[in-house]
Number of protein chains: 2
Amino acid sequence: MPLDPNRFPAMLRPGLVALAEDMAAHGTQRSDPTRAVMALMGDRWTALILQVLMIGTWRHADLRRALSQLSAEQAISQRVLTLKLRTLERDGFVVRHATADVPPRVSYGLTPLGLDLAGQVRALIDWVNARGPAIAAARAAFDTRHDEP
Amino acid sequence: MPLDPNRFPAMLRPGLVALAEDMAAHGTQRSDPTRAVMALMGDRWTALILQVLMIGTWRHADLRRALSQLSAEQAISQRVLTLKLRTLERDGFVVRHATADVPPRVSYGLTPLGLDLAGQVRALIDWVNARGPAIAAARAAFDTRHDEP
DNA sequence: CAGCATCCTCGGCGATACTG
DNA sequence: CAGTATCGCCGAGGATGCTG
């Protein structure tokens with residue numbers, strides 16, 4: 001399934017080829033980190049987790065309560081919180097620090113790389129928030145345009 | 001379920017309160033566009049669709065083939081392509097232009113707002129690609145650290 | 001307190017068939 | 001060619017109970 005530029009309108013070929021080459025230059029192969037990291041933005045909790053971790057270092061239970069209170073909708077299950085933190089830890093965005101105590105004391109914080117990522121996410125959130133009114137207006141226009149013929 | 005700062009470590013309270021206020025200032029309420037737009041980043045196709053639409057204006061079938069060839073994995077179904085484009089159109093990121101011909105001729109392009117969004121996504125993709133090696137290294141370290149005790 | 005295992009629900013997305 | 005309708009799969013994520 002390689003790219004065959006001839007099957008596309010001539011106007012669009014150069015841009016398409018350039019995009020394909022750029023994607024090939026980085027890893028579009030298996031276990032692609034790009035897709036995985038992009039997915040972090042969109043899933044239900046990770047973006048919020050990163051914002052909260054920018055504040056400082058959190059114990060698991062405190063982090064869980066903070067997230068649950070910040071989310072208007074519903075609380076995060078601790079199973080999912082553990083999963084999300086594991087993923088972030090694996091990719092080098094979060095550090096986990098545990099003591100051998102009993103009961104255990106586990107805390108989570110951002111690595112420099114994670115802080116960088118959180119900043120990117122923050123920028124994106126700010127961008128969307130700034131465009132919120134424009135988006136809402138577009139939605140309203142679309143909906144009234146399609147509700148009644 | 002309002003925020004009760006007293007239930008959190010004193011060190012973290014100010015930052016948490018600030019974050020909560022910032023979120024409240026924008027819409028954290030129902031039908032929140034922020035979550036919806038953030039979700040665009042992470043879903044399987046939208047980020048790629050935006051990149052391709054940056055090239056120019058596409059007919060439905062051409063766009064479908066381009067996306068399918070760019071995706072290493074699998075082709076996008078045209079049902080899903082229609083759904084994604086509808087969503088983007090509704091939020092004001094994409095314009096749909098149709099003629100009354102038969103067979104129909106429908107083409108899609110970015111609005112100025114959509115071009116702006118595509119640029120943001122592009123920046124994020126570039127950021128991740130630049131960090132690809134660091135992330136891959138972190139993963140490898142994590143995996144070997146957890147595979148064998 | 002933090003983590004894991006189990007079960008279950010729900011929504012995203014693919015496949016197919018049909019219409020204008 | 002573009003869109004809609006219907007079906008089915010699969011994985012994300014919530015709930016609960018048990019362990020160190």
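In what follows, chains carry the letters A, B, and so on, assigned in the order in which the sequence lines appear, proteins first and then strands, with residues in each chain numbered from 1.
Among all heavy-atom pairs drawn from B/G92 and B/T111, the shortest one is O-OG1, 2.6 Å.
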Please report, to 0.1 Å, the donor-acceptor pairs under 3.5 Å made by any side chain of residues 116-128 of chain A, with sequence neighbours excluded.
unit_1	atom_1	unit_2	atom_2	d
A/D116	OD1	B/W127	NE1	3.3
A/D116	OD2	B/R131	NH2	3.0
A/R122	NH1	A/Q51	OE1	3.4
A/R122	NH2	B/D22	OD2	2.8
A/W127	NE1	B/D116	OD1	3.3

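Taking the side chain to side chain donor-acceptor pair (under 3.5 Å) definition, one finds that B/T46 meets it with B/D43, sequence neighbours left out. In this view, A/R44 and A/E73 satisfy the salt bridge (Lys or Arg N to Asp or Glu O under 4.0 Å) rule, not counting sequence neighbours. Applying the side chain to side chain donor-acceptor pair (under 3.5 Å) test to B/R35 and every residue at least two apart in sequence or in another chain returns nothing.
Annotation: proximity of residues 45-60 of chain B to DNA chain D (heavy atom, distance under 4.0 Å) is found for B/R59, B/H60, numbered in ascending order.
Judged as a salt bridge (charged side-chain N to carboxylate O under 4.0 Å, His left out), the pairs with a partner in residues 48-62 of chain A (not counting sequence neighbours) are, in order, A/D62-A/R65. Within the structure, the salt bridge (charged side-chain N to carboxylate O under 4.0 Å, His left out) test picks out no pair touching residues 6-19 of chain B (sequence neighbours left out). Pairs engaging residues 45-54 of chain A under the salt bridge (charged side-chain N to carboxylate O under 4.0 Å, His left out) rule: none recorded [sequence neighbours left out]. Judged as a salt bridge (charged side-chain N to carboxylate O under 4.0 Å, His left out), not a single pair has a partner in residues 96-107 of chain A (not counting sequence neighbours). Counting only residues at least two apart or on different chains, no ring-ring contact (aromatic ring centres under 6.0 Å, His included) pair has a member in residues 79-123 of chain B.
Residue B/D43 is classed as a sugar-phosphate contact, given heavy-atom separations below 4.0 Å to backbone atoms only. Among the protein residues, A/R105 comes within range of no part of the nucleic acid, since none of its heavy atoms lies under 4.0 Å from any strand. Counting any heavy atom pair closer than 4.0 Å across all strands shown, B/R64 reaches no nucleic acid atom.
Using a 4.0 Å cutoff to heavy atoms of chain A, the contacted part of DNA chain D runs 5' to 3' from D/dG13 to D/dG20. The nucleotide range of DNA chain C contacted by chain B, defined by atoms under 4.0 angstrom from heavy atoms of the protein and reported 5' to 3', is C/dC13 to C/dG20.
Across the interface with DNA chain C, nearest-nucleotide mapping of B/S77 and A/R86 shows A/R86 to be the residue nearer the 5′ end. When each of A/P103 and A/A75 is assigned the nucleotide of DNA chain D with its nearest heavy atom, A/A75 is the one assigned upstream, toward the 5' end.
For the atom pair CG of A/L53 and CG of A/L110, the computed distance is 4.5 Å after rounding to the nearest 0.5 Å.
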